[in-house]
Amino acid sequence: MMIRTNSLLHHAFFKLNCNFITNSLTTTPLSSSRFTPHFTSLASLLHSTSFSNNGDRPLLSRYQKVTKLDDAFNLFDEMILRKPLPSVIKFNQLLSAVTKLNHFSSCLHLFKQMCVVGVPVDAYSMNIAIKCCCQMSRTNDGFALLGCCFRRAVVPNVFTFSTLLDGLIREDRILEAERLFKKLIKQKLCEPDVVMYSTMIKGLCKFGNNDIAIGLLRLMDERGCKPDIYAYSTIIDSLCKDKMIEDAFKLFNEMVFAKGIQPDVITYTSLIHGLCNLCRWDEVSKLLKEMEGDVRISPDIQTFSILVDAFCKEGRVDEAEAVIDIMVERGEVPNIVTYSSLIDGYCLRGEMIKARTLFDSLTSKGLVPNVVTYSSLLNGYCKTFKIEEALKMFHEITRKGLKPSIVAYNTMLQGLFMVGRCGDVRKLFDEMRSQGLIPDECTYRIILDGLCNNHKVDEALSLFHLVGDSKLNSDIVVYTILIEGASKCGKLDIARDLFHDLTVKGLQPDVRTYAVMISGLCREGLLTEAKHLFCKMDESGCPQNSVTYNVLLQGYLKNQNYDDVVMLLQVMDGRSYSLDASTLSLFIDRISAGSLDRSMLKLIGKLVPKELMDTLA
DNA sequence: CTAGGGTTAG
């Protein structure tokens, strides 16, 4: 295959390491638009329950009471001047307080000072310092501190190793984590306890090894280390994220009924999240009820935020707003995550005034928008073709000291393509790469789709061939984009070849692939072949939907082939499908031209969705 | 008296 070196993005993609991209894939969940009557009752359920909030706090010493960084430094300065020095315990309490304020580098600074002035640092101090390193994704420095332990005759313990294990896992260094875990057991450097097992379980889950994680859960139990709610919740959450909700409930039931461990708000929240992702609203409602029935637990800000997000993704922002009202009534303060979801909900509906008003009000609520918040706005502006406003916000990200993420770039690339600004796409793509961001599968799809829609199908195809037989190209969406692109510009042979390649690669065409291919065949007047493919869908395990029916009908109407039209309409009526706007306008066109009988109007009328009626009226 | 693990957004 000839490679045109001057083609758009060609050069940049050539330099990519495809394995690296595909290893860090992010899939965006598709939002469904199903009507969900249960949300309203769900909201009222939340409304009717009484509120419970923070309990009493234990008395804290002066060293633990620190709420501001300055106080900590002042106290520390005071402490090191005292003679004799306060006990290491007091220092540790201070370090711990600073850690809880998330000031990890300051904590490390204080730790170093302690060493300098001769505080006899112990395992507690070491472990806090190591934890700070790990929290800042500097686990290697944590290991360096482990070396210091040996030099200072401080004996590392199971806390030390759990912290380091967690650090490796946070940095996605799963192989090293496994190696460390095995080494600790083999060389009897420490006896793993429930926390260490749970940490390793988290690592396994993070890399999709749910089965091995469950195996480790069994193993710890056999070894006399009883799994607790953390161990169970970690796996339950992971199963939920992988949409294996039945397995999650199996484990949940085992935990509750066989082990007698009471679930808490986090366990419930994970399950609710999993059910929301699968649009299983009845069960969400049931689980919320179950949770509300337990006096020990009530939904917290995260539970609420998940519900807000789920409502917004369904386009039901009214309910999302209602949930926010309820949480406020219950004394929870919505945070930036909660509001970002709502902003995203407005943006998805193209309600940019509302989105922007809320966005602008965040500062007065004491909240700082982050790159996710910005990305939602970018998306909204791009989808409503307000590209200049989107670019303005995109530049504001950097001005506010944030770094645009791959998602922000992807959104802008897509927006620029939508308005045909291919040159600017190229510039932004280069900028993204120069920022060290690696294009992901979404970038790839956006570029292919953008090229196809901007009369650059050849470039899309050559990019596709350049990427070659990689994970990026083992993607049904990529194929669907190219099949559509090729057939729309008259390259039906290429579209057919691509469609054929699917089976060779073991990829299953989905309902959109079929729709695009059928549409392509109809465009060339190949109605028999189109009909054949249409009929093949069922036996290929991909049942037709409303869209495929519309596509085939349009093909028939455009080619003035009316034999099967009534039959198709009748099936559609039987399945409660409806006609989309373009199919309907073709019908009206053909009927007014006299090529179709008016008697069909009654059937057609039944197939016009109410929303379309409203817009026509 | 002080140290380690599980849930939220594009």
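These numbers come from the heavy atoms of this one structure, side chains and all, not from hydrogens, waters or symmetry mates. Just so we're on the same page: letters track the sequence lines, and every chain starts at 1.
Between the side chain of A:Ser233 and the base of B:dG6, at least one donor-acceptor pair of N or O atoms lies under 3.5 Å. In this model, no side-chain donor or acceptor of A:Thr163 finds a partner on the base of B:dG4 within 3.5 Å. Remark: the A:Asp228 side chain and the B:dG6 base include no donor-acceptor N/O pair separated by less than 3.5 Å. One N or O donor and one acceptor, one from the side chain of A:Asn370 and one from the base of B:dA9, sit under 3.5 Å apart.
Note on A:Ser162: every side-chain N or O is 4.0 Å or more away from OP1 and OP2 of B:dG5. Remark: A:Lys100 is in phosphate contact with B:dA3, judged by side-chain N or O atoms under 4.0 Å from OP1 or OP2. For the pair A:Lys202 and B:dG6, the criterion of a side-chain N or O lying under 4.0 Å from OP1 or OP2 is met. Taking side-chain N and O atoms only, A:Gln64 has a distance below 4.0 Å to OP1 or OP2 of B:dT2. A:Lys241 has no side-chain polar atom (N or O) that falls below the 4.0 Å cut-off from OP1 or OP2 of B:dG6.
If you check B:dT2, B:dG5, B:dA9 against the side chain of A:Ser340, the one that comes closest is B:dA9. Side-chain proximity of A:Tyr124 to the nucleotides B:dG5, B:dA9, B:dT2 is greatest for B:dT2.
In summary, of the residues considered (A:Lys206, A:Lys202, A:Lys131), a salt bridge (Lys or Arg N to Asp or Glu O under 4.0 Å) with A:Asp166 occurs for A:Lys202 alone.
Using a 4.0 Å heavy-atom criterion, one finds that A:Val194 contacts the bases of the nucleic acid, with or without backbone contacts as well.
Side-chain N/O atoms of A:Asp264 and A:Thr267 include a donor and acceptor closer than 3.5 Å.
The CZ atom of A:Phe311 sits 16 Å away from the P atom of B:dA9 (whole-angstrom rounding). Spacing between atom CD of A:Gln135 and atom P of B:dG4 amounts to 9 Å, rounded to whole angstrom units.
With hydrogens and angles ignored, the 3.5 Å screen pairs a side-chain donor or acceptor of A:Asp475 with a backbone N or O of A:Val477.
Stacking between A:Phe159 and B:dA3 is shown: the ring centroid lies under 5.5 Å from the centre of the six-membered base ring, and the planes differ by under 30°.
With a 6.0 Å cutoff to the six-membered ring centre and a 45° limit on the axis angle, A:Lys365 counts as a cation-pi contact of A:Tyr339.
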Please assess A:Phe311 against A:Glu321 for the test side-chain contact (heavy atoms from CB on, under 4.5 Å), listing each intermediate value before the final yes or no. CA-CA 9 Å; A:Phe311 278 128; A:Glu321 288 166 350; over 6 Å; no
